[in-house]
Structure formats: structure tokens, C-alpha cells
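Below is one structure, written out as C-alpha cells; the observations come after it.
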Amino acid sequence: MLLKLDEMSKGETGLIKRVEGEGKFRRRLFDMGVTPGAEVYLRKKAPLGDPIEITIRGYELSLRKAEASLVLVEVSERDGDK
Amino acid sequence: MEEKKITVALAGNPNSGKTTLFNSLTGSTAHVGNWPGVTVDKREGTYKKLEKPIHVIDLPGIYSLSPYTPEEVVSRNYILDEKPDCVINVVDATNLERNLYLTTQLLEIDVPVVVALNMSDVVRKNGDKIDAKALREKLGVPVVEISALKEENLDELMGEAYRASFEKREGKTVIEQKELLHLINDIKIAFKGKGVENPLFHAVKLAEFDELEVGMHPDLIEMVKEFKTSHQDEVFGDDFEALIADARYTYISKHYASALTRAEGGEKSKEEKEKLTLSDKLDKVFTHRIWAIPIFIVIMFFMFHFTFSEDLFFIGRFTALAQGVAFDDLELIKNPGWVRFLSADYLTPLEDLGALNGVPSIGVWLQSQLGFCTGSLIDVIRQGFAGIGLEGNWFASLMCDGLFTGLDAVLSFVPQILILFLFIAILEDSGYMARIAFILDRAFRKFGLSGKAFIPMLTGFGCSVPAIMATRTLEDEREKNRTIRLMTCFSCGAKAPIWALLAAVGVYAGFDGGVFVFSIYLIGISAAVIYALFMKLFSKSQYVSPFIMELPAYHLPQFRNVMAHLWEKLKHYLIKAGTIIAACTIVIWFLSNFNWNLSLGMVAIEESILADLGRVFNYFFYPIAPLEGGWTYAPAWGVGDGWKYSVSTLTGLIAKEDVVATMAELGLVEGTIALQVEGVYSFALYNLFTIPCFAAIGATHGEQKGKEFWLTILWWFAMSYGAATLCYWLMHFCRTLPALGYPLLVVLVGGVVAAGFVVARRHKKALLAADNA
């Protein structure tokens, strides 16, 4: 199932398929390891619901939902909570 | 090589322990400056344990050599243009995968590189093992396992760096994809032909359509474009940027995995990891869905309480209550209780009554102790001058009232700067600062600011000087500029006496003092919101700086790092602010003690040059409040007695406390301030928004360069002038000509609300556009 990164729910793991957007945004995502093929785990959402915190390439990264919506993720199964 | 000093640059990710390594290597030889043109710290020092001293430069923490953040540009230009003899790439060994990404870029530059695997003690403690030898073979450069914190293997690291700096190294790339490599080689050859240094690095960057490279080599970009159309990769299409980033990570995951041996049990699952580390447990609490914000508020409260409170833990207030001192009944003060609370006026009458008057916070205590010392010292010097018959002499006055008073003003900020930055350094070093941004981002983003702007703004209520200095933590230049300009909206502690004095005037002018002070704070905050709103409305792009930020693991702040940070801030302040304050204080001293007949010696302030300047300056204030007499008591602050108000705002530049002091000196005290309510408000708003004290100007100059700095000064002035004028006329019309005044008020409020809607709509649209992209 192909999802936007910001649509993932807490505790889900997925595989990055595509990174959209352009210029600085996109470059920054690549530099921080958000590249196609990387595994991503949604750790938590901020108290106000945005931004979100993910685990990627062994560290914790936070990004806004608007930015996360540019990242398309393949989520294998969706069995709810974890 | 005999004559030249070896220079080694430290490059690495933020939070890789680079600064700790730098502090360990250079010790007391370190000194901090600015990189030219930007306000990014430049640390330099000397490593002395080898036969020759080695010059060490700490480059700012970066994730990549992209040209997007000032830190990246600084580091990139330094390595490419200044050509250090060797680059030590500090790598967090507990997070090899992302850290090595920068390494793969550094390796493309024709410079000797030594990789320092920092925190290798932590890796060992976790039971993991990194095969440095294997890594060394793969990367082709020396790899040394170190611990900057425990100072392990540092001599070995520097030895390797020293040896490497005599060797020449040609850049090599980790990109293995055949077609891409082909293109890069073609560009590289073209660059070589043109005599470009570091051809490989530039070639890779050009293939990525890197902004800087495209601008520098417009002739070659055609070649890349042509190649792009002829070559289509099946996975990423013609997207070379993604292709190259992917190539780097592919290389890293292929090789770091083989060099890393995990502890028994192998790769842990994410859920297991979460249960294991203390950092994760802490994070669960600190960024908890419900508790995060209350915890944050409590932390902030104590931080500011310890720095600025006159009454620690409100002991004085509670004692007073317990002793039955109903201080609202005290005849001593006419201000309502909470106005005194803000200015801590209630402590004085408590003391007069012999009640225990509480304990000041550490910041205030240090400040008063220091003030006592410097004050006594100045008195002693003054008496000394009197003793040798120089009382009233201009030289004695220049020394005591000019120079020393100026220096006293400089020093008086030091305790609170130290205490506040102690807290900020701890917050930053522990990793909590990043979480603050995480928690508050959503609320602040709407105004074009990130959550990190919260700390400088809140600090602004205490003192603008450390607040402006604290904007250094904001990465985005534009955001930093905005935050600095907003600073005067937050009424600082030194302005409280002005509000207290004006509140007391309310009895005569017919308004409630409590409402007055409250409304001043409220107007300030509203102005900040309106300002941020209009900045968003009129800025050309709807661009919000991306918030793609690492949340580093929590760790205990290191004493040495915190102290080094404090020392840097203090030195920076003393040099930057100190010189400006001392110079300006002397100028004001001169203007307020002499008349135009310089030779005739000193005069009272009424007859001084400053008074005359105030009278002239007063015409300038005329449009703010021009109406004389007519109503109940008083000329407005633009005319009649008006020059006295004008002079007070001028001396307020030394320190905002001087506004009240000068007013008193000129005979403007509670009973004689004969302003109408609109006069009081416009005078208050002028003082609120105007250019803060010289110390704050000095701090601003440390954070903003050239045009931005002057724009800030201009902005502050324009804001205060505009707000005071608007306020005067609006209130005046509402009071005397309601038929005009209230509709005007409605139109203004309506305009602001409309602007708010437009911004909100645009914001939504931008988000939708991003969604649809």
C-alpha cells in the first residue's frame, strides 16, 4: 500500500518509494537520509499533532507533515496498533 | 613545509561530538570569532602535543556539503578555498550510517582526510564492535577510534592527521553507477582542462544541479542536460540528485554493515530498542502528547524565575500573606498589587515594615551584589576626587558619571546573561532544545517562526540583551532577523519602572493603573503577532524554512562544553556591547553636562546641549502628540513640558531605567506628570517599541551584519513612532470625537483581522499545493 509519510500511523514501518518536491526541501531530505529505499518508522507525533518524528537510518528525525507529505512510502501490512 | 604552520579542520555532523573534541584538543588556546559575513561561530585553537603546534579549526556542524545553510556554505568554502592541510572528519560511531554520508562527500575533495570514529567507548559499552581496519581499507583514508569525552586516542588521531597533511590525496568518489560515473568523469575532464581545482567534487555537484555550481559553470550545464535526456535510469528517471544521494547511501550500507559487528542477539528490532535506552524513556515524557507542554512551561518558569525574579519562590509574598500584611492596603503605593508584583515594588514596603522580604533569585542577587560593588567603587573614586579638591570638576565627572557609569551599565547585565545562558547551554547540550522546537513548531509556524524562537522571545520579557544573543540558536537568517525585530514588543524588566510610574499617573489622568500596565504588555504581544502576520502578508514568497531536524539522543550536558559556551557568550557580549555602551554613555554624559559654551564648564541638565537637542527633537515628536492644554491639566508630551519627555527617551538609550531617572531629574514625578490618557499611552508605547538600550544595540550588532542591522534600528524607530502616533490620535478621537474615533478603530481592527484571514488562507493554499505536488 502506497502512502504519504504523514499518513502513516504511529508505530508503523514503511519503505520509502519516492521523494517529491524540489530544490532546497528535497535536497535537505536526501542529505538527512530520506532517500528512496530507506526504511522509515513513525515514532510519534508532536503534542499538537504536527510535526512528526521518524526513525530513519538509525537516528531520530523530525519533520513537518507538509514536508512529510512529499515522501511516498510503501507500507506492507496495516494491522493497526503496535 | 618547515615555515608553514599545519592547519587541520574538524568537519562533521551536528551532535557528533565535534565541539567536545575541539575543546579536548585545544584546551585554553581556543578562541571564538565569526565567519566573515555570517553569524556562525568560528572556533580556532592550537594543538600542542606534537613536535610542531597544529592550528585547529572547528567547522560548523553540517550534514552535507550542499549550499543551502550558512553552515554548509561556510564549511564548503573553507575546505575548497582555504585548503586546510588535513580534514578530520568527526563521525559519531553510534550512528555510522548517516554520519558517513558527509564522509563520502569530503572524500571527493582533493584534501587529506582522517576519519575520527568518535564515541567508540559507547559502541564498546553497547557490546558492538567496529572494524576500523576494514573501514580504513574501504574508505582509503586513516580511520581512528577515539572518545573525545574520555580523551582516548586523541594523540594517535592528531599523529595520523599530521602525517596525512604532508601527503597529497586525490579526491575519489563512492558512486559506482556506471552511466553516472561516465558523466561525472566527462565533466571532471572538462574541469581539469579549465584548470579548476577539486575537479571531482565540482563535477559531482554539477551533476546534481547544485545551485552554486550551476551558477559558476553555465557552459558545462548544457552537457549535463544533454546527458540527462539521453540517459534514463529506470528507477529514478533522470533525477540525478536522487540518484547520487542514493548511490552514497547504497555504498555506505554495503560497507558499514560489514565493518560493524552488533552485540549478541544481532540487530535489535525497533520495539526492543525503544524499551532499552534511557533517552527514549525521557523522550516519552518530555514529548508526551499531554504532558509535554505543561512540563515545558514548568521548565521555562524556573529558568526565568532563577534568572530574573526579585522574590525567589515568592517567599516574600507568601510571608507577607502569612504575617497578615495586606499590602493592598498599604498607603505607601498607589499602584494595584499586581503592577507592583511586576516591578517587585512590594518588597520595599515589606522591608519598611520589618517583614521578611524574601530572597532574590540567583541572577538578581548576583546583579545586586555586583551593582553594590561597582557602585561603592565609583563612590570611593568620587570621594577620592573630592579629597583632592576635584569635586564638581569635569574630569571627575567624566570618570565617575561618564566612563565608570557606562562600564557599570555593561557589567550589570553580566550576571543575568551568565545565569540565563547557563540554562540555555544546558537545554541545548542535553538535546531538549530540539524537542522544544518539535513541541511548539505548529503553534509558531503560522507566524513564519519556528518553535525555537520561543526562548529568545520569552527571554525578551526579562532582558533584550541575552534575548537577542539567544537568537543565535535559530538556523534560518530570515527567522532570526524577524525575531530580533520583534524583541522590543516584549516589555523587558528595565521598562517596568516606566510602567509603574505612568500607572500611578492614572489617578490624575483618570484611568486605572492596573488596566494600563496590563494593556501595555498586551499591546506589545499583539503588536508582535500583527507584525509577524504582516511580514507574512507582504513577503513575496510563502516560503517557510523547512523543519527537517535531527532529534539527538538526550545526554548529560558536559561541564566543559557548558563553561566554554558561557565564556564565549560573555566575551562576545563584553567586546561587542561593552565598547558601544561605554562610548555612547560618554557621549550622553557630555551632552547632558555641557551647554553650547563648552568652555564655561558643567551645567544642570535643563541647560545642557541634551536639553536643547530634546527641544529640537521635540518638534520631531510633534506629530505624535501635538495638542496643548485645553482639556484637564496638561500639554501633551510633544509640547510645553514635552521636551522633558523627549530628553528622557534619549537618555533611555543608555538603559531603560534612565527614563524614569531623567524624568525625576527634570521634575517629572507622579504629581507633575500632566499628561492626558492618550499622552500617557503614546509615551508608553514609544518607550516600549523604540530602539532599546545601547547594550541591546551592541548585542544586535553581534547577530546582524551591515544592512540587516541598520534595517533593525530603522524598524524599531519607525515602529515606535508609528505606534505612538496612531495610539495618540486614535485615543484622542475616541475620547473627544467618538463619531470619528470608534469607526476608525473598527476599520483598523477589521484590517488586521482581514490580514489574518488572508494569511491563513494562503497558508492553507500553500499546504494544499504541497499536498498536490
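Contact count versus chain B (heavy atoms, under 4.5 Å) is highest, among Val19(A), Leu61(A), Ile52(A), for Leu61(A). For the set Gly49(A), Ser62(A), Ala68(A), the count of heavy-atom pairs under 4.5 angstrom toward chain B peaks at Ser62(A). Here Asp50(A) is the residue among Thr35(A), Val34(A), Leu29(A), Asp50(A) with the most heavy-atom pairs under 4.5 Å with chain B.
Ring-centre distance between Tyr249(B) and Phe30(A): not below the 6.0 Å cut-off. You'll find the ring centres of Phe286(B) and Tyr554(B) inside the 6.0 Å limit.
Proximity to chain A involves both the backbone and the side chain of Ala443(B), based on heavy atoms less than 4.5 angstrom apart. Proximity to chain A is limited to the side chain of Tyr101(B), based on heavy atoms less than 4.5 angstrom apart. When heavy atoms are compared at a cutoff of 4.5 Å, Arg18(A) does not approach chain B at all. Both the backbone and the side chain of Asp283(B) have a heavy atom closer than 4.5 Å to some heavy atom of chain A. Looking at Ile56(A), there are no atoms closer than 4.5 Å to chain B (heavy atoms on both sides), in backbone or side chain.
Side-chain polar atoms of Arg27(A) and Ser66(B) form a donor-acceptor pair below 3.5 angstrom. Checked by atom type, the side-chain pair Asp6(A)/Ser69(A) shows no donor-acceptor distance below 3.5 Å. For the 3.5 Å distance criterion, the side chains of Glu72(B) and Tyr63(B) fail to qualify, holding no donor opposite an acceptor. Asp92(B) and Ser16(B) share no donor-acceptor pair across their side chains, judged by distance under 3.5 Å alone.
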